[in-house]
Every structure is written in structure tokens, then in C-alpha cells.
Amino acid sequence: MATIDFYFDFHSPYSYLAHCRLPEIARRHGATIAYHPIDLKAAKLAAGNTAPPTVAIPPKLKFAIADFERWCARYGVSLTFSQAGPPEPTLPNIATFFAIDRGQAAEYVTAYWQATFASGGRVGDEAILRQVAAGLGWNGDEVVAYAASPEGAVRYAEENAAAQARGVFGAPIMMVGDELWWGNDRLDFVDEYLSEKIA
């Protein structure tokens with residue numbers, strides 16, 4: 001059985017879009033998804049990418065908005081950015097480990113993006129993390145405490161270091177073994193590779 005290593009950051013809309021399709025690709029090929037939350041900004045800097053963010057480049061931002069609309073139309077999903085301030089992905093990213101330890105990573109990641117990009121909730125809002133936790137049958141206080149704990153911070157730092165050592169420079173990145181694909185628009189290549197690998 002193949003394993004797809006999925007490197008993502010909850011504040012990355014392209015990670016959200018990739019996850020709208022990736023689970024179906026995995027199911028079709030009998031593959032599993034291993035979830036790896038990363039700090040996208042740190043991954044970029046570690047790779048030497050010091051370019052300004054998309055929001056700081058008006059022509060690129062204009063393109064990105066149109067691009068998001070095209071992908072949403074293709075996938076039949078919505079993507080709404082919160083107007084409540086910049087995203088703060090650290091707590092929800094770390095809470096992914098809480099989900100992994102309970103065998104509910106896919107459910108958590110899906111539910112969190114449904115509560116944020118799919119419906120306009122702010123990434124990093126503690127109330128949303130509690131809402132998602134409750135929906136999964138977890139104790140919200142326990143999840144928030146873990147996400148803010150030294151243990152969670154250490155585990156997140158180790159995950160980031162391991163990802164950077166493996167050559168992860170952005171998000172979303174999908175890897176099967178040493179094969180790497182970057183971006184929501186590379187999912188067809190993942191699909192084709194799994195067809196060839198499993199055939």
C-alpha cells in the first residue's frame with residue numbers, strides 16, 4: 001500500500017484546494033495519506049525563498065484570486081477568506097498531532113478547512129478550534145491546551161525540521177517515497193504516478 005505524505009499549512013488556500021481532491025485519489029488507489037502540518041513561511045525561508053507574500057504583490061494577488069475562483073469552480077467547492085485579520089495557523093497546525101494520535105487526522109483536517117476556508121472562518125481562531133474539536137467528540141479545553149503546550153511546540157518543530165531536511169519548500173507538497181509534487185495543480189501527476197506504481 002502506497003503512502004502519500006501530505007505537507008500542508010492550514011493558512012494555505014492551495015493546501016485546502018489540494019485536500020478537496022487528494023483523499024479521493026488516495027481511496028481510488030488504496031493509498032493512505034500521512035498528514036504533516038508545517039510552517040509554510042519557515043519552509044520557504046529554509047529553502048532560501050525570501051520573496052514577499054502574494055498579498056504584497058498586487059498583480060500576483062489579482063491573478064491568485066482569479067485562480068482560486070477557477071479551481072473552486074472545477075472542484076465544486078467554496079473558498080472564503082476571513083475579514084477578521086491575518087491567519088494564525090500555529091494552534092490548528094499543532095492540533096493535527098492530537099488528531100493523528102487518535103487516528104482522526106483526515107477527519108480533523110477536513111473539518112477544520114470546512115470551518116475556515118469553506119465557510120469564511122478565521123484560521124487560528126480558538127473558538128473555531130473548539131468547534132471542530134466538539135464536532136469530533138473531543139474536549140475543547142484538552143485540544144487547545146495541547147496545541148499551546150511545550151510538548152506540541154516541540155513536536156511541531158521536529159516535524160518542520162524533518163520536512164525541511166526532506167526538501168519540503170512549500171505547501172501543499174505531496175510525496176510518495178522520494179517523488180515530490182508541489183501544488184494543487186500537480187495532483188494529476190500524483191494520480192498518474194499511483195496508477196503506474198500500483199498497477
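We're numbering straight along the sequence, starting at 1. What you are looking at is a predicted structure, and each value in this text was computed from that prediction instead of being measured. The basis for the numbers below is simple: all heavy atoms, side chains too, and nothing from hydrogens, waters or symmetry mates.
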To the nearest 0.5 Å, how far apart are [atom1] in [X] and [atom2] in [Y]?
X: Ile4; Y: Met175; atom1: CD1; atom2: CE; answer: 12.5 Å
X: Ser12; Y: Trp113; atom1: OG; atom2: CH2; answer: 7.0 Å
X: Phe8; Y: His36; atom1: CZ; atom2: NE2; answer: 9.5 Å
X: His29; Y: Met1; atom1: NE2; atom2: CE; answer: 13.0 Å
X: Asp39; Y: Gln164; atom1: CG; atom2: CD; answer: 8.0 Å
X: Phe6; Y: Ser15; atom1: CZ; atom2: OG; answer: 5.0 Å

Using 30° and 60° as the class limits, which term best fits the ring planes of Phe68 and Phe81: parallel, tilted or perpendicular?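 Phe68 and Phe81: tilted rings.
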Can you say whether the rings of Phe169 and Trp182 are parallel (under 30°), tilted (30 to 60°) or perpendicular (over 60°)?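 Correct class here is perpendicular.
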Side chain to side chain donor-acceptor pair (under 3.5 Å): pairs with one or both residues in residues 115-127, sequence neighbours excluded: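 Residue pairs with at least one partner in residues 115-127: Glu126-Arg130.
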Tell me the side chain to side chain donor-acceptor pair (under 3.5 Å) pairs involving residues 17-27, sequence neighbours left out?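 Every pair satisfying side chain to side chain donor-acceptor pair (under 3.5 Å) with a residue in residues 17-27: His19-Tyr35, Arg21-Asp188, Glu24-Arg28.
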So, the side chain of Asn49 versus the backbone of Leu45: is there a donor-acceptor pair under 3.5 Å, distance only?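 Not confirmed, Asn49 side chain does not pair with Leu45 backbone.
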More than 12 heavy atoms of other residues, nucleotides or ligands under 6.0 Å from CZ of Phe189: yes or no?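 Not more than 12 within 6.0 Å, no.
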Val176 and Lys197, any side-chain heavy atoms less than 4.5 Å apart: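 In short, these two side chains touch, coming nearer than 4.5 Å.
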Is the shortest side-chain heavy-atom distance between Pro59 and Leu61 below 4.5 Å?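 No - every pair of side-chain heavy atoms lies 4.5 Å or more apart.
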I need the single residue from Tyr112, Tyr75, Phe117, Phe10 that forms a ring pair (Phe, Tyr, Trp, His ring centres under 6.0 Å) with Tyr16. Which is it?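 Answer to the ring pair (Phe, Tyr, Trp, His ring centres under 6.0 Å) test with Tyr16 among Tyr112, Tyr75, Phe117, Phe10: Phe117.
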Among Asp185, Leu187, Asn184, find the one that has a side chain to side chain contact (heavy atoms under 4.5 Å, CB included) with Leu17.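 That would be Asn184; it is the only one of Asp185, Leu187, Asn184 passing the side chain to side chain contact (heavy atoms under 4.5 Å, CB included) with Leu17.
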Please identify each residue that fulfils ring-ring contact (aromatic ring centres under 6.0 Å, His included) with Phe97, with sequence neighbours left out.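 By the ring-ring contact (aromatic ring centres under 6.0 Å, His included) rule, Phe97 matches no residue at all.
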If you look only at pairs with a residue in residues 121-144, which of them pass as a ring-ring contact (aromatic ring centres under 6.0 Å, His included), with sequence neighbours excluded?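 The answer is Phe98-Trp138, Tyr108-Trp138.
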Apply side chain to side chain contact (heavy atoms under 4.5 Å, CB included) to Asp67 and list each qualifying residue two or more places apart in sequence or on a separate chain.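 Listed in chain order: Tyr14, Phe63, Arg70, Trp71.
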Selection residues 156-166 - residue pairs positive for salt bridge (charged side-chain N to carboxylate O under 4.0 Å, His left out), sequence neighbours left out: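 Sorted pair list: Asp5-Arg166.
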